[in-house]
There are 2 protein chains.
Amino acid sequence: MFLTQRNQYALRAIVELAKRVGTGPVKVSEIAEAQAIPRRFLEVILGQLKGSGLVTAKRGYHGGYILIGEPEKITVGSVIRYLQGEPDPKDCQTCVFKLQCPTDRECAFASLWNRVNEAVFGIFDETTIQDLVEGEKVVES
Amino acid sequence: MFLTQRNQYALRAIVELAKRVGTGPVKVSEIAEAQAIPRRFLEVILGQLKGSGLVTAKRGYHGGYILIGEPEKITVGSVIRYLQGEPDPKDCQTCVFKLQCPTDRECAFASLWNRVNEAVFGIFDETTIQDLVEGEKVVES
DNA sequence: AATAAACCCGACTTAAAAAGTCAAGAAAGA
DNA sequence: TCTTTCTTGACTTTTTAAGTCGGGTTTATT
């Protein structure tokens with residue numbers, strides 16, 4: 001609901017890479033199997049992730065993907081922001097979410113959407129990939 | 001992103017009805033025009049909303065829709081919960097959001113999704129239709 | 001050098017969900 | 001009785017997401 005299937009796949013792939021930090025390149029097919037993601041589709045997704053600088057790839061015989069940063073320092077929020085890209089200028093920016101408001105400036109929902117957005121990214125930003133690897137982290141604060 | 005276009009229409013329609021509480025039935029075409037919603041589509045949506053008991057309709061000459069409860073007592077959360085209906089049993093219930101987890105019980109995302117969901121509905125539940133009518137309310141938690 | 005294992009890239013297809021439309025019918029007031 | 005307005009369910013269109021495919025390039029091994 002909050003994330004597309006594709007973006008969940010991306011996060012899962014990063015988590016999988018995080019689990020194997022230090023063990024050399026991880027093949028797409030390994031990640032695909034571990035996380036039950038269609039291999040071809042995952043190739044597309046990892047290709048996109050390379051652009052984020054979070055991940056790099058090595059080609060050839062013992063090739064595969066490698067997580068660049070440290071899992072404790074990568075937040076879920078930063079990944080999601082990258083995946084979502086720039087907001088579509090055709091959408092209403094006040095409402096953050098979808099399409100133009102009929103009532104341009106006086107959007108009754110603006111405040112609500114802002115609060116929701118802040119709450120959600122507040123959580124995303126305080127959750128790291130390492131937290132996900134560890135499975136169930138309850139954030140203090 | 002959090003709400004479909006359709007569900008936003010539904011909320012807008014309720015807000016429009018709330019604005020006119022006490023002035024008798026409001027025609028679909030009036031709501032449609034005020035909120036820039038395709039009339040035929042709005043008929044479908046209002047039909048659905050009748051099932052919630054939030055709204056009732058009067059037919060014929062001076063017919064239209066009427067909000068049943070008081071805008072201060074209707075929360076956005078209750079409306080959205082109604083609109084979204086029962087969660088699809090095919091989806092992963094632990095993750096609250098989409099599809100089955102590949103890693104059934106040990107879903108790394110379960111805690112994250114729960115926290116996000118609670119945060120979002122926390123906001124939805126403390127926001128009333130009246131708050132939306134008033135335009136910009138900053139909730140004092 | 002040849003081979004095989006990987007990633008790389010862009011275009012393509014399919015599938016699913018959401019958005020929107022339509023026609024004919026039933027109630028209610030004028 | 002006539003007009004207005006909601007009612008219903010099925011239908012169509014549009015958009016977005018998901019997933020596939022073929023042929024190419026890089027790299028380690030032998």
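Below, read A as the first sequence line, B as the second, and so on, with proteins coming before strands; counting in each chain starts at 1. All values reported here derive from a predicted model rather than from experimental measurement.
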Problem set entry | Partners meeting side chain to side chain contact (heavy atoms under 4.5 Å, CB included) with Glu70(B) (sequence neighbours left out) |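 Per chain and number, Glu70(B) pairs via side chain to side chain contact (heavy atoms under 4.5 Å, CB included) with Glu72(B), Lys73(B).
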Problem set entry | Those residues that, when tested against Pro71(A), pass side chain to side chain contact (heavy atoms under 4.5 Å, CB included) (two or more places apart) |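 Listed in chain order: Ala18(A), Val21(A), Leu67(A), Ile129(A), Gln130(A).
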Atom [atom1] of [X] to atom [atom2] of [N]: distance rounded to whole Å?
{"X": "Ile66(B)", "N": "dC6(D)", "atom1": "CD1", "atom2": "P", "answer": "11 Å"}
{"X": "Leu49(B)", "N": "dT8(D)", "atom1": "CG", "atom2": "P", "answer": "14 Å"}
{"X": "Gln48(B)", "N": "dT8(D)", "atom1": "CD", "atom2": "P", "answer": "13 Å"}
{"X": "Asn7(B)", "N": "dG20(C)", "atom1": "CG", "atom2": "C1'", "answer": "15 Å"}
{"X": "Arg6(A)", "N": "dA16(C)", "atom1": "CZ", "atom2": "C1'", "answer": "17 Å"}
{"X": "Gln8(B)", "N": "dA18(C)", "atom1": "CD", "atom2": "C1'", "answer": "13 Å"}
{"X": "Lys50(B)", "N": "dG9(D)", "atom1": "NZ", "atom2": "P", "answer": "10 Å"}
{"X": "Gln84(A)", "N": "dA17(D)", "atom1": "CD", "atom2": "P", "answer": "10 Å"}

For this session: Find the bend of the helix from dA1(C)-dT30(D) to dA26(C)-dT5(D) as the angle between its two terminal axes (five pairs each), to the nearest 10°.
Result: 10°
For this session: If a pair satisfies ring pair (Phe, Tyr, Trp, His ring centres under 6.0 Å) and one of its residues is in residues 56-90 of chain B, list it, with sequence neighbours excluded.
Result: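 Ring pair (Phe, Tyr, Trp, His ring centres under 6.0 Å) check on residues 56-90 of chain B returns no pairs.
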For this session: Scan for ring pair (Phe, Tyr, Trp, His ring centres under 6.0 Å) pairs involving residues 24-60 of chain A, sequence neighbours excluded, and state none if there are none.
Result: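 Counting only pairs at least two positions apart or across chains, the ring pair (Phe, Tyr, Trp, His ring centres under 6.0 Å) contacts touching residues 24-60 of chain A are Tyr9(A)-Phe41(A).
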With sequence neighbours left out, what residues match [X] under salt bridge (charged side-chain N to carboxylate O under 4.0 Å, His left out)?
{"X": "Glu16(B)", "value": "Lys19(B), Arg20(B)"}
{"X": "Arg40(B)", "value": "none"}
{"X": "Arg59(B)", "value": "none"}

Problem set entry | side chain to side chain donor-acceptor pair (under 3.5 Å) partners of Asp125(A), counting only residues at least two apart | Arg81(A)
Problem set entry | For Arg6(B), all residues meeting side chain to side chain donor-acceptor pair (under 3.5 Å), sequence neighbours excluded |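 Gln48(B).
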For this session: Give me the ring orientation class for Trp113(B) and Phe109(B): parallel if the planes are under 30° apart, tilted from 30 to 60°, perpendicular past 60°.
Result: parallel
Between the protein and nucleotides 12-14 of chain C, which nitrogen or oxygen pairs are less than 3.5 angstrom apart?
none

For this session: Report, as a single string ordered 5' to 3', how protein heavy atoms within less than 4.0 Å touch nucleotides 21-30 of chain C: B base, S sugar-phosphate only, - not at all.
Result: BBB-BBSBSS
For this session: Please state whether the phosphate of dA18(D), meaning OP1 or OP2, lies under 4.0 angstrom from any side-chain nitrogen or oxygen of Tyr9(A).
Result: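 Looking at the OP1 and OP2 atoms of dA18(D), neither is under 4.0 Å from any side-chain N or O of Tyr9(A).
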Problem set entry | Tyr65(B) vs dT5(D): side-chain N/O to OP1/OP2 distance below 4.0 Å |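 No, outside the criterion.
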Exercise. Side chain of Asp131(A), backbone of Thr128(A): donor and acceptor closer than 3.5 Å?
Worked result: yes
